[in-house]
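Heads up: the structure comes next, in structure tokens.
Read the numbers this way: they start at 1 and go in the same order the structure lists the ligands and their atoms.
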Amino acid sequence: MNVADRATAGFRQRYGTEPAGRWAAPGRVNLIGEHTDYNDGFVLPFALPLRTVVAAAPALDGRCTVWSELDGEPVEFGAAEADEPGRVDGWAAYVAGVVWALRADGHDVPGARLAVASDVPVGSGLSSSAAIESAVLAALVDLGGLDLPAGRWPRLAQRAENDYVGAPTGIMDQSAVIRGRAGHALFLDCRTEEVEQIPFDLDGAGLAVLVIDSRAPHRHADGEYAARRKSCEQAAATLGVTALRDVDVTGLDAALARLDDDETRRRVRHVVTENQRVLDTVALLRAGRVRDTGPLLTASHASMRDDFEITVPEIDTAVEAALSAGAYGARMTGGGFGGCVLALVDADAADAVAAAVTEAYAERGFTAPGTLTVLPAGGVTRLG
Ligand code: GLA
């Protein structure tokens, strides 16, 4: 059964009636621009064909009940619980967080019954959290007839995650999931939230993006993410700028000379050079030179590995094996300490690259990776 049918079937079985509608939101990968979003910088993610679907109908008692195929135990909460960050926890916190963020923004949020099904793997760094937030947000906006233009959705969904769930993430994931467009990568300026849809015609170029799920356990990912963010913010303060976005590659050496510890210098160098790599990638894509972006992807990986120090052995192994097997470029995507690698490959070489990564994993005794070829897909939508 496909994911939309599973959501509908789950809804019928759980609530004994038909849903009023179904809303779908994709996962994402980030082509390039890692740990730049919370530094007011640039990112270039795209939405995946894997989606989370929410089947929903209004509930007259004003309460929310949410069931997920991944859990089976429904979670119910009212306005009081939603108004208190932390009261609802686990996966349902992403749902309660959206209710909270909408209420905090002054909306009269309807009660709802929701059933969630998902093809976005949880814990793989493909933004299953942004997918559920965005699908729920779209459902509640429609069911409640709320006056909330889609341009404001990413910040709202991000607030759910930052302030209700308690994860200090940036604006990239929700933007990709909400604003993604098929056949395009989303060039986002995280300071102004301006976007440009950049044609990313993999098919036309005979290319594919191979996504490799490293299956590495997320070791200390949350604490390390928060630590990276903090050191970037402290560096910006030391340099007297609003955010590291305000340092560009021409001013990098001068900025580094003003920082007195080596670790901070490396963190800053990653962010500043990564912003430039996003701009360079965008320029190549605008010129239709998709294949030539490969070295930028690989350079991004080296920077994450050596300067930002957010990779793990499984991830580095996947990147090296993909490159040895002929990928044009490869890099970790997402927050780090596990998650996925993406590799830019000839479409007809994708299977061979995947096999080479699987073999390299076996040699090192790692749990076998997951592999999947993807094309950029569209963002959140109502299915009917
Ligand atoms: C996670 C966060 C994003 C972003 C990336 C790193 O995916 O949710 O906001 O910071 O890490 O680029």
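Within ligand 1, the atoms closer than 4.0 Å to a non-hydrogen atom of T169 are 2 (C), 8 (O), 9 (O), numbered from 1 in the order shown.
In terms of protein heavy atoms, atom 5 (C) of ligand 1 is closest to M172 CE, 3.7 Å. The nearest protein atom to atom 7 (O) of ligand 1, hydrogens excluded, is given as R28 NH2, 3.0 Å; this is a heavy-atom distance. The protein heavy atom nearest to atom 10 (O) of ligand 1 is Y225 OH, 2.6 Å. Closest to atom 3 (C) of ligand 1, if we only count protein heavy atoms, is D37 OD2, 3.3 Å. Counting protein heavy atoms only, atom 8 (O) of ligand 1 is closest to D173 OD2, 2.5 Å.
The closest approach between M304 and ligand 1 stays at or above 4.0 Å for every heavy atom of the residue.
Remark: the S300 side chain and the E274 side chain contain an N/O donor-acceptor pair separated by less than 3.5 Å. With 3.5 Å as the limit, one finds a donor-acceptor pair spanning the side chains of D261 and T264. In this structure, a donor-acceptor pair under 3.5 Å is present between the side chains of R22 and T8.
Residue pairs meeting the ring-ring contact (aromatic ring centres under 6.0 Å, His included) criterion with at least one member in residues 50-87, sequence neighbours excluded, do not occur.
Ion pairing between a basic and an acidic side chain is recognised when a charged N comes within 4.0 Å of a carboxylate O; R191 and D189 show no such pairing.
The shortest N or O to N or O distance between Y38 and ligand 1 is not below 3.5 Å. Residue-to-ligand polar distances place G170 within reach of ligand 1: an N/O pair is separated by less than 3.5 Å. Taking only nitrogen or oxygen atoms, main chain and side chain alike, T36 does not reach within less than 3.5 Å of ligand 1.
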Would you tabulate the side-chain donor-acceptor contacts of residues 47-57 under 3.5 Å, counting partners in other chains and residues two or more places apart, or write 'none'?
residue	atom	partner	partner atom	Å
T52	OG1	S118	OG	2.7

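A distance of 8.5 Å separates CZ in R267 from SG in C232, rounded to the nearest 0.5 Å.
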